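Notes for the one structure printed next.
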Amino acid sequence: MKNKDGKNTPPSDDKKLHISKSVFEANRELHEKAAEESRKKQEELEKKLNERKKKAAEARDKRLEAERLELIRLKQGIIEESETIHEEHAEKIKLTFGQKIVNFFYHNKWWLGIGTVFTAITIFLIHNFVTKPRPDMIVMMIGESSEIAEESDLEEYIESFCEDFNGNGKIEVSIYYIPYTGIESKDYANGVHTKLTAELQAAEGVIVIGNNMASEILSADGIFTDLSRIYSDNEFVQKDRFMLSGSNFADRIKIEKNAVTDDWFMAIRAPQKLMNADEDEMQEVYDKDFPVFDAMIKDLTK
């Protein structure tokens with residue numbers, strides 16, 4: 001700026017501040033304008049994105065509703081095939097023969113393991129049954145007496161009248177001792193009821209040695225053969241029982257006479273149909289064992 005003398009004079013401080021302020025405001029306005037434009041563009045993008053999401057959701061809901069209605073029509077039999085519902089099948093993997101074997105064992109390992117265990121047990125039981133020596137005769141002893149069952153020569157005495165029925169080259173008689181007492185707790189602890197049920201429903205043991213406890217459970221008519229018709233003159237025979245007290249029984253099995261009380265007897269079961277055997281099977285055992293029973297009665301009566 002020129003003064004009156006024609007010389008240039010510098011601008012005042014107020015004018016400098018005004019100019020600087022104008023530049024700052026202009027710059028700020030530019031920034032605000034740019035920010036506003038950026039915000040509007042962002043809002044426009046978000047609006048378009050939301051519209052796309054809304055349209056996609058509406059299209060999905062519409063498709064799902066159409067598939068639901070189509071599925072209902074399929075279930076109701078209105079249509080046989082659907083043009084909107086397509087079942088997807090996974091591509092079938094082809095396995096070699098070796099891979100099929102490995103795959104089978106892998107998916108069935110638990111069942112195969114259980115089956116192997118049961119098969120092994122079955123084979124063991126069959127082998128044990130086949131190879132186990134079977135006695136030539138089984139005699140049941142029902143009643144409690146350790147002297148007769150365990151401390152005597154009862155097995156040896158019966159074997160002296162027995163034959164080698166099973167053909168294994170030796171004579172063997174087994175005494176199935178069932179210490180029945182009638183005392184529930186004691187019999188339960190000894191497994192007496194289980195043994196009684198198993199043996200009385202099987203045909204192997206037809207000869208019975210017992211006392212009054214055996215008489216209580218075997219009191220029905222027809223269980224034992226009527227000995228009075230066979231041994232009518234025998235003083236020790238009482239209907240279907242041969243009473244052991246007073247006979248030579250204690251001497252023969254080598255025990256004290258007082259160990260054989262008045263209630264001990266010997267009898268033979270009559271053939272009949274059982275739970276685990278039919279009458280013919282029991283008749284076969286009866287025919288085999290009766291000659292031994294008869295020989296014992298004759299020997300004990302001497």
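Scope of the values below: all heavy atoms of this structure, side chains included, with no hydrogens, waters or symmetry mates. Computed from a prediction, not measured in an experiment: that's the story for all the values here.
Shortest non-hydrogen contact noted between Ile171 and Cys162 is CD1-O, 3.5 Å. Of all non-hydrogen atoms in Tyr177 and Ser145, the two that sit nearest each other are OH-N, 2.9 Å. The two residues Thr261 and Asn258 come nearest to each other via the heavy atoms CG2-O, 4.2 Å. Minimum heavy-atom separation, Ala259 to Ile255: CB-CD1, 4.0 Å. Closest heavy-atom contact between Glu199 and Met140: CB-SD, 3.4 Å. Nearest approach of Ile207 to Asp289, heavy atoms of both residues: CD1-O, 3.9 Å.
Side-chain contact check for Asp153 versus Arg252: every heavy-atom pair is 4.5 Å or farther apart. Residues Met141 and Trp264 meet the side-chain proximity criterion, which asks for heavy atoms closer than 4.5 Å. In this structure, Ile209 and Leu244 have side chains that are in contact, with non-hydrogen atoms separated by less than 4.5 Å. Between Ile175 and Ile158, the closest side-chain pair of non-hydrogen atoms falls below 4.5 Å. When side chains are defined from C-beta on, Phe265 does not count as touching Leu227, because their heavy atoms never get closer than 4.5 Å. Within the 4.5 Å cutoff, no side-chain heavy atoms of Val285 are placed close to those of Phe165. Residues Val237 and Ile230 are not in side-chain contact: their nearest non-hydrogen atoms beyond the backbone lie 4.5 Å or more apart. Using a 4.5 Å heavy-atom cutoff, the side chains of Val206 and Met282 are in contact.
Side chain of Asn248 to backbone of Lys302: a donor-acceptor contact under 3.5 angstrom is found. Judged purely by atom type and a 3.5 angstrom limit, Asn212 has no side-chain atom pairing as donor or acceptor with the backbone of Ser215. Using a distance-only test at 3.5 Å, with no hydrogens or angles considered, no donor-acceptor pair links the side chain of Glu284 to the main chain of Glu281. One N or O on the side chain of Lys288 and one on the backbone of Asp136 form a donor-acceptor pair closer than 3.5 Å.
Separation of atoms CG (Asp280) and NZ (Lys273) is listed at 10.0 Å; rounding is to 0.5 Å. Here the straight-line distance linking atom OG of Ser247 with atom NZ of Lys257 works out to 8.0 Å at 0.5 Å rounding. One finds the CD atom of Glu51 at 10.5 Å from the CD atom of Glu58 (value rounded to the nearest 0.5 Å). Rounding to the nearest 0.5 Å gives a distance of 12.5 Å between NZ of Lys254 and CG of Leu154. For the atom pair Arg60 CZ and Lys53 NZ, the distance stands at 11.5 Å (nearest 0.5 Å). Interatomic distance, Glu43 CD to Lys40 NZ, rounded to the nearest 0.5 Å: 9.0 Å.
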May I have the list of side-chain donor-acceptor pairs in residues 190-198 shorter than 3.5 Å, sequence neighbours left out?
from	atom 1	to	atom 2	distance (Å)
Asn190	ND2	Lys186	O	3.3
Thr197	OG1	His193	O	2.9

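Summarising the local packing, CD of Gln201 is surrounded by more than 12 heavy atoms from other residues, nucleotides or ligands at distances under 6.0 Å. Surrounding CG of Asn276 are more than 12 heavy atoms belonging to other residues, nucleotides or ligands, all under 6.0 Å away. Counting heavy atoms of neighbouring residues, nucleotides and ligands inside a 6.0 Å radius, atom CD of Glu151 exceeds 12 of them. Atom CD of Glu256 is surrounded by 12 or fewer heavy atoms from other residues, nucleotides or ligands within 6.0 Å.
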Checklist entry - Does the side chain to side chain contact (heavy atoms under 4.5 Å, CB included) test come out yes or no for Phe224 and Arg269, once each step is laid out? => result CA-CA 4 Å; Phe224 294 128; Arg269 297 160 63 199; 3.8 Å; yes

Next on the checklist: As a quick check of understanding, evaluate side chain to side chain contact (heavy atoms under 4.5 Å, CB included) for Val292 and Asp294, giving each step before the final call.
Outcome noted: CA-CA 5 Å; Val292 178; Asp294 179 65; over 6 Å; no

Next on the checklist: Quick one, Lys47 with Asn50, criterion side chain to side chain contact (heavy atoms under 4.5 Å, CB included). Give me CA distance, side-chain angles, the key distance, then yes/no.
Outcome noted: CA-CA 5 Å; Lys47 183 178 180 181; Asn50 289 333; 5.7 Å; no

Next on the checklist: Apply side chain to side chain contact (heavy atoms under 4.5 Å, CB included) to residues Asp299 and Tyr157 and explain how you reach the verdict.
Outcome noted: CA-CA 11 Å; Asp299 179 70; Tyr157 175 67; 2.7 Å; yes

Item to check | Asn211 and Tyr180: CA distance, side-chain angles, deciding distance, side chain to side chain donor-acceptor pair (under 3.5 Å) verdict | outcome: CA-CA 10 Å; Asn211 61 3; Tyr180 179 59; over 6 Å; no

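Tyr286 and Thr225 share a side-chain donor-acceptor pair at under 3.5 Å.
In terms of hydrophobic clustering, with Ile, Leu, Val, Met, Phe, Trp and Tyr side chains grouped at heavy-atom distances under 4.5 Å, Met137 and Met266 are assigned to a common cluster. Phe236 is connected to Phe249 through a chain of hydrophobic side-chain contacts under 4.5 Å among Ile, Leu, Val, Met, Phe, Trp and Tyr, so both are in one cluster. In the hydrophobic clustering of this structure, Ile217 does not group with Leu274; members are Ile, Leu, Val, Met, Phe, Trp, Tyr whose side-chain heavy atoms approach within less than 4.5 Å, directly or through other members. With hydrophobic clusters built from ILVMFWY side chains whose heavy atoms lie under 4.5 angstrom apart, Met296 shares a cluster with Ile148. Two different hydrophobic clusters hold Ile253 and Met243 under the rule that ILVMFWY side chains link at heavy-atom gaps under 4.5 Å.
By the side chain to side chain contact (heavy atoms under 4.5 Å, CB included) test, Glu216 pairs with Met213, sequence neighbours left out.
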